[in-house]
Structure formats: C-alpha cells, structure tokens
Amino acid sequence: MSASTAARALSHLDWLEAEAIHVLREVAGQCQSPALLFSGGKDSVCLLRLAEKAFRPGRFPFPLLHIDTGHNYPEVIAFRDRRAAELGERLLVRSVEASIAAGRVVLAHEGESRNKHQSVTLLDAVAELELDACIGGARRDEEKARAKERVFSFRDEFGQWDPKRQRPELWSLYNARIRRGEHIRAFPISNWTELDVWQYIARERLELPSIYFAHQREVVRRGAALVPVTPLTPPRPGDRVERRSVRFRTVGDITCTAPVESTARTVEEIVAETAATTVTERGATRLDDQTSDASMEQRKKEGYF
Amino acid sequence: MLAAERRPDPAPEDAGLLRFLTCGSVDDGKSTLIGRLLLDTRSILADALSAIERTSRRRGLERIDLSLLTDGLQAEREQGITIDVAYRYFSTGRRKYIIADAPGHEQYTRNMVTAASTADLAIILVDARKGLLTQTRRHATVAHLVGIPEVVVAINKMDLVGFSREVFDRLCAEYRDFAGRLGAGRTRFVPMSALDGDMVVERGERLPWYDGPTLLELLEEAPASGAAPAERLRFPVQWVCRPHTAEHHDYRGYMGRVESGRVRPGDEVVVLPSGSRTRVARVELHGQAIPEAVSGQSVTLLLADDVDVGRGDLIALAEDAPAPVRELAATVCWLGEAPLAPGRRYVIRHATREVPAVLGAIDHRLDVNTLDRHPAERLSMNDIGRITLRLARPLCPDRYADNRATGAFVVVDEATNDTVGAGMID
C-alpha cells in the first residue's frame with residue numbers, strides 16, 4: 001500500500017477481514033482450548049481463510065470440529081475432508097448419529113430434522129474435548145436473535161444463551177473469562193452479511209462445494225420452498241417432481257435446507273444475484289426457522305449454535 | 001484452492017465502512033428511522049417486509065409499523081421495548097453501514113455506552129414537538145464522553161409541526177447552546193419525517209426551505225471507520241507465531257492489529273512495558289511482505305533483534321511511546337449490577353493486556369443531565385464518574401481523547417468474570 005492510499009480508509013471487505021482476524025487472535029490469546037466449527041459451508045469456508053490469514057505460517061491454534069447430523073450432501077462431506085487435509089489441520093467429527101445410538105438424542109420420528117439435535121452433540125463434544133471456546137461462522141444478519149448476540153457470547157455450563165445477561169462488549173475489548181464447564185461462542189464474522197461473504201469468496205477465490213452453484217436437481221414445490229428430492233426427503237403422494245436449475249444459498253441438514261431457483265454458475269454471478277435478491281437467506285432456504293417468530297432465539301437459549 | 005494472489009485494489013466507489021448509532025428519548029422514532037433507512041435503501045427483503053405487514057395488519061394499524069423490524073427478542077415484543085443493543089446492516093453500494101441500535105430507556109445507559117464505544121457517528125433524534133428532553137441531553141453527553149467524532153441531530157416528526165422552519169431553527173439553536181457547554185465538536189442538523197421518509201433517503205417535497213444534505217447524504221460523506229486515526233503507532237501484540245517447522249525454523253512473528261498510526265520496515269520501535277528497543281524487519285499480511293501497515297489492519301511484525309515479546313505487550317515507535325503507569329485516572333461508566341466499591345478485586349483489560357487493580361478513589365459522580373459533579377462513595381449501574389485505579393502491574397496507555405483504542409479499558413469483576421465497567425483514561 002502506498003503512502004497516498006494510507007490516509008484512505010480500508011475498503012469494507014478489508015475492514016471486515018481485519019476485524020475477523022483480530023477476533024480469531026483474541027480467541028487464541030485468551031482461551032486455552034478452542035475449536036473452530038467447520039461444516040464445509042460457505043461461512044465456515046470464509047473462517048478457514050481468515051484463520052490462515054490470522055495464524056500462518058504457524059499452525060492453527062485449534063482443531064477443526066464438525067458436528068455431523070448424518071444428513072449431509074455427500075459433496076459437502078467430501079469437500080470438508082479435502083479442505084482439512086489440504087490445510088494440514090486436524091479435523092474432529094462428532095456425529096448426531098452417535099448421540100442417537102447412545103440414547104443422548106431421541107428423535108420424535110425417523111425423518112425429523114436433526115438440525116436442533118446438533119446442540120446435544122455439540123455440548124457433549126465441548127465436555128469431552130474440554131473446549132472453552134467454539135468459533136463459528138454465524139452472522140448477525142441471519143436472524144433477529146443473532147442480531148443481538150455478542151461477538152464473544154458467554155454460554156453457561158448447559159450451553160445456554162441468556163439474552164438478558166450478556167456481557168457488555170465495548171470497543172474491541174472482548175472478555176473470554178469463564179469458570180470451568182462454561183464456554184464462549186466466538187463469531188468472527190458477526191458483522192458480515194450474506195453479500196459480504198460472497199464478495200469475500202469472490203475476492204479470495206475460495207473454493208466451495210459444488211452444490212452452491214447452479215445445477216439441475218429434482219425438486220418438489222412446497223409453499224414457497226423447493227424441497228430437494230433425496231432418499232431422506234422423498235416425494236409425498238401427489239407431489240409433482242420437477243427438474244429445475246437450482247443452487248443452495250445455505251447448506252446444512254438435508255431435511256431442512258432448500259435450494260433456490262438460479263442459473264448462477266460462477267461466484268460473480270452469485271454476487272450479482274445476491275445483491276439483487278428480494279428474499280432473505282433463511283426465508284428462502286430454511287424449513288425449520290419459520291415455526292415461530294422466536295424459534296431461533298428459543299433454540300439458542302437451549303444451547304444451539 | 002488457488003494460491004493467495006495479490007488482491008485487487010478496492011473498487012474506486014468503495015467508501016469503506018461506517019458504524020453509527022441512533023439515540024434519543026423513548027418514542028422519538030429511533031426504530032422507525034432505522035426501518036425507514038433500511039426500507040428506502042432497499043435493504044429489507046420482500047419476505048421480511050411481508051412479515052411485518054402481516055403483523056401491522058393484525059394489530060389494526062393502517063400502515064406498516066417499521067419499528068417492528070428492529071425489536072427482535074421475545075421480551076421486547078411482549079413489552080414493546082428494546083432491551084439490548086442490536087446490530088443491523090445495510091449497504092448503498094458505495095458504502096457498508098453497521099447500525100448499533102441502542103435502547104432509549106434510562107436504565108439501559110450502559111447499552112448506549114456499549115453501542116457508542118465503536119461508533120464513528122451518532123444520530124441523536126429529537127421529537128420536533130417535544131424539543132430537547134432530559135434523555136436527549138443525556139445521550140448527547142454520553143456521545144461526547146465516548147468521543148464519537150461526528151454527531152448528526154435529526155429533528156424528527158417535522159410532519160407534526162407543519163414542517164415549520166422556525167421550530168427547526170429554534171431546536172438547532174437550543175442544541176448548539178447545550179453542545180457548546182459540553183465542549184462537543186462538529187454537529188450537523190437535519191429536519192425529517194422518519195415516518196413518511198422526508199429527508200431520510202429521499203428529499204421529499206415538504207421541506208423546500210431546507211437545502212442541506214439528507215440524512216443519508218450526511219452518512220455517505222462522513223469519514224469512514226479508521227479514516228482519521230491517531231498518528232502514533234500503537235500495536236498491541238495478540239499472538240506470537242513460532243511455527244517450529246523446517247521451513248520456518250527461526251520464524252518469530254508478532255501478530256496483532258495496528259490500532260493507530262502506521263508501521264514500516266526499518267522503523268525504530270520500543271516494546272512496552274519492558275522498554276526493549278529494536279527495528280521492524282518486515283511487515284507481513286498473510287505471509288506476504290507489505291511495505292506498510294496502516295491503522296485498522298491485522299498484520300504480523302518481524303523484528304530485527306531477538307527481544308522478549310509476548311501477548312499483552314505493546315509495540316510503539318521509539319520516539320513517541322507511551323510511558324508506563326501504575327495508576328489510572330479515568331472516567332468510568334459502571335455497567336455491573338453490583339456497585340463499584342472499595343475492596344473488590346477487579347481486572348483491567350487494556351488492549352491485549354490484563355492487570356489486577358483495586359479502586360483508589362472515586363473523585364466524583366457526574367450528573368449527565370446537568371453535568372454537575374457530586375461526591376460519591378460508590379458508582380451504581382449506569383453511573384458515570386471519575387475514579388482512580390491502582391494497578392498491580394504497569395500499563396502503557398494513552399489519553400482517551402488522543403486514542404480511542406489505547407485510551408480505553410474495561411473492568412472485569414474477578415469473582416463473577418462479568419464485564420462491569422467501561423473506562424476512558426484522562
């Protein structure tokens with residue numbers, strides 16, 4: 001950077017990147033045993049790049065941890081494993097399947113979304129690995145309850161978030177002090193929006209699982225959502241199965257993550273589409289957040305990510 | 001994954017990022033203003049908009065209640081109030097904005113301080129019918145104390161005073177008088193109707209006598225985050241990178257964020273509090289050498305000599321380094337439920353350093369309505385006062401007026417681990 005540009009402020013992506021790196025280094029500096037939650041999704045892909053920028057040429061001062069619902073797209077799991085190997089970092093996987101087998105999770109019915117049950121597996125992993133911090137890619141623009149959550153979010157020994165007892169967060173002075181059994185959820189990209197994420201992916205040329213890009217897929221229309229036809233989500237009697245060009249805006253448990261119609265095949269096309277979209281990320285794609293106005297808040301209070 | 005490449009220069013139209021907060025008395029229209037900003041910059045997506053349309057209809061309202069966009073928590077919806085700071089985002093294409101939506105109720109002053117601590121600009125809302133209220137003055141005072149560089153006073157609800165120029169002029173004069181007594185800096189004024197949108201994003205046609213900028217134009221022109229940093233280099237060390245690999249056997253990088261100033265290879269620096277002197281050998285961003293790092297950038301410094309540096313140390317230019325102190329005199333906003341009182345053990349977090357501290361004295365408590373100073377034995381939640389703290393180990397701070405990053409600290413209660421105080425060093 002030349003002296004003449006130094007007086008100018010950082011571009012908005014540079015600013016967001018510098019803030020996220022600062023947060024990651026504060027987690028590493030203040031916590032004894034953190035883990036970075038990596039699912040293979042776009043937000044956690046950004047987190048990995050930020051961690052490289054924060055700690056290279058050193059190794060990451062934390063392992064990667066995936067809470068696997070067992071309901072993932074195979075492309076995403078393959079991508080997850082390959083990225084961890086390419087980075088030479090340790091990937092730990094804890095599965096909801098194992099929690100079910102151990103009787104820690106009881107499903108209401110076999111096809112139930114496992115999304116909310118991740119909390120049990122995550123908290124078990126926190127206890128087993130003696131984690132004092134979990135770094136995640138949640139963003140405040142995703143949902144109203146998230147908009148209120150701190151960058152360093154204190155969780156009690158039950159993993160609960162109490163919106164009324166949050167620690168004030170001033171300047172960039174984060175407080176990760178906890179007692180044994182408690183932990184911190186740290187969100188380095190709190191201040192990013194969906195568009196920022198895509199712009200960053202474009203700028204950094206980050207690779208993503210293929211299902212983020214437009215592809216032909218069999219879907220069923222249910223209300224406003226397109227439900228993918230998969231072994232876990234077969235068509236119901238009377239459903240009309242269509243083949244459409246779709247992409248995923250958000251990737252998670254198959255049973256509750258829906259694609260959107262799109263022909264965007266490149267990151268640049270997705271950036272343009274995201275800038276012009278009229279539907280929120282969760283509104284378009286999540287089948288489980290709409291049960292009530294407060295479903296996310298409720299789940300977070302119970303320890304959800 | 002492609003290898004790290006040289007990043008493209010920021011687009012010429014990228015005016016960086018601006019963090020601002022909205023404040024003012026209850027019912028001055030903060031939530032409506034935020035809703036209006038989001039709506040008129042087309043930042044509210046169709047499904048979110050139709051959800052609040054439904055709710056507005058259900059409540060028997062004739063038009064969309066924009067304030068429904070901002071009150072997110074169950075207790076807030078139940079009680080119809082805002083109980084915590086929320087952060088919202090919008091972009092104009094030219095610039096990205098982070099709004100800290102701070103509650104207006106007096107008992108949540110600590111949340112206002114929280115929101116203000118990171119803001120580059122404050123919008124202080126005034127109800128044109130009611131004029132300056134206690135809470136307006138209180139928020140103006142806090143915004144000034146916390147050192148927000150730019151203040152915009154939005155005279156709202158102009159539709160309810162017949163878009164009267166006289167009312168606007170009178171309220172501006174009244175605010176200027178108060179700001180003068182505060183010693184506050186630059187203040188801009190804009191008349192508006194957040195409900196209808198006049199002078200927020202669109203000019204509207206009902207304020208023809210006002211030829212100044214709209215609120216959004218003021219926001220677009222304001223200096224971006226970190227655009228006018230303090231000149232002196234302050235680099236708190238967050239993390240020491242020692243890879244111990246064959247390739248990087250002797251590598252020792254000091255990682256952190258440039259909180260102010262700039263740093264280049266060859267600079268003579270001092271490591272505080274030890275006082276060791278050396279030179280910067282290399283400045284890196286993601287493993288690549290860069291000619292200079294500026295305020296706001298998270299980078300890695302490599303030093304010419306093998307001096308002892310750890311997390312919590314501060315790197316500064318040798319010629320203008322801050323002096324170590326064992327006592328702090330500061331203005332503190334108390335955030336904790338238990339009052340600040342003698343005898344309790346606290347930890348001070350200043351930049352990346354933590355030191356134990358005890359209360360020396362409470363010099364006075366400030367009445368933020370009258371700016372009068374009163375003697376005090378303790379500071380309760382939401383109180384602002386001037387105190388001295390005795391430190392178990394030295395810190396190397398700046399005055400808050402000179403540097404918002406290294407002039408600030410938080411107080412952590414050792415017993416509860418809660419963040420209980422926000423301090424600004426005199």
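It should be emphasised that the depicted structure is a prediction, and the values quoted were computed from it without experimental measurement. Within every chain, numbering begins at 1; the chains are lettered A, B, ... in the order of the sequence lines, protein sequences first and strands thereafter. All heavy atoms count here, side chains included; hydrogens, waters and symmetry mates do not.
Interface summary for chain B: among A/Ile21, A/Asn191, A/Thr193, the most heavy-atom pairs under 4.5 angstrom belong to A/Asn191. Ranked by heavy-atom pairs shorter than 4.5 Å toward chain B, the options A/Pro57, A/Pro168, A/Pro61 are led by A/Pro57. Of the listed residues B/Arg349, B/Glu247, B/Glu337, the one with more heavy-atom pairs under 4.5 angstrom with chain A than any other is B/Arg349. The greatest number of non-hydrogen atom pairs below 4.5 Å with chain B, out of A/Glu182, A/Glu169, A/Arg167, is found for A/Arg167. Considering only heavy-atom pairs separated by less than 4.5 Å from chain A, the leading option among B/Ala422, B/Gly336, B/Gly287 is B/Ala422. The residue among B/Glu354, B/His248, B/Arg242, B/Met255 with the most heavy atom pairs within less than 4.5 Å of chain A is B/Met255. With respect to chain B, the highest number of heavy-atom pairs below 4.5 Å among A/Ala54, A/Ala20, A/Gly29, A/Gly58 belongs to A/Gly29. Between chain B and the options A/Glu19, A/Arg59, A/Arg179, heavy-atom pairs under 4.5 Å are most frequent for A/Arg179.
Remark: A/Asp14 engages A/Arg203 in a salt bridge, criterion side-chain N to carboxylate O under 4.0 Å. Of the charged side-chain nitrogens involved, at least one lies within less than 4.0 Å of a carboxylate oxygen, so that A/Arg249 and A/Glu194 count as a salt-bridged pair. Salt bridge status for B/Asp14 with B/Arg95: absent, with no side-chain N to carboxylate O gap under 4.0 Å. Taking 4.0 Å as the cut-off between side-chain N and carboxylate O, A/Lys53 and A/Glu17 count as a salt-bridged pair. Salt-bridge formation is detected for the pair A/Glu89/A/Arg56: a Lys NZ or Arg NE/NH1/NH2 atom is positioned less than 4.0 Å from an Asp or Glu carboxylate oxygen.
When all heavy atoms of B/Leu302 and B/Gly253 are compared, the closest pair comes out as CG-CA, 4.4 Å. Residue A/Leu48 comes nearest to A/Leu64 through the heavy atom pair CD2-CD2, 3.7 Å, listed as atom of the first residue, atom of the second, then distance. Of all non-hydrogen atoms in A/Arg140 and A/Arg146, the two that sit nearest each other are CG-O, 3.2 Å. Closest approach of A/Gln166 to A/Lys148, counting heavy atoms only: NE2-O, 2.7 Å.
Proximity to chain A is limited to the side chain of B/Val347, based on heavy atoms less than 4.5 angstrom apart. Using a 4.5 Å cut-off between heavy atoms, A/Tyr174 contacts chain B through its backbone alone, with no side-chain atom that close. Only the side chain of A/Leu16 comes within contact range of chain B, with heavy atoms under 4.5 Å apart. Using a 4.5 Å cut-off between heavy atoms, A/Trp15 contacts chain B through its side chain alone, with no backbone atom that close. Within the 4.5 angstrom heavy-atom criterion, only side-chain atoms of B/Arg19, from C-beta onward, approach chain A. With a 4.5 Å cut-off on non-hydrogen atoms, B/Arg311 touches chain A through its side chain but not through its backbone. Only the backbone of B/Ala351 comes within contact range of chain A, with heavy atoms under 4.5 Å apart.
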Hey, mind stepping through A/Leu91 and A/Asp81 against side-chain contact (heavy atoms from CB on, under 4.5 Å) and telling me if it holds?
CA-CA 8 Å; A/Leu91 172 69; A/Asp81 294 343; 3.4 Å; yes
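Ring centroids of B/Tyr97 and B/Tyr87 are separated by 6.0 Å or more, keeping the two rings apart. The distance between the ring centers of A/Tyr200 and A/Trp192 falls below 6.0 angstrom.
Ring orientation note: the planes of A/Phe62 and A/Phe60 are tilted relative to one another, at an angle of 30° to 60°.
Within residues 406-415 of chain B, the residues that have a heavy atom under 4.5 Å from a heavy atom of chain A are B/Ala408, B/Phe409, B/Val410, B/Val412, B/Glu414, B/Ala415, listed by number.
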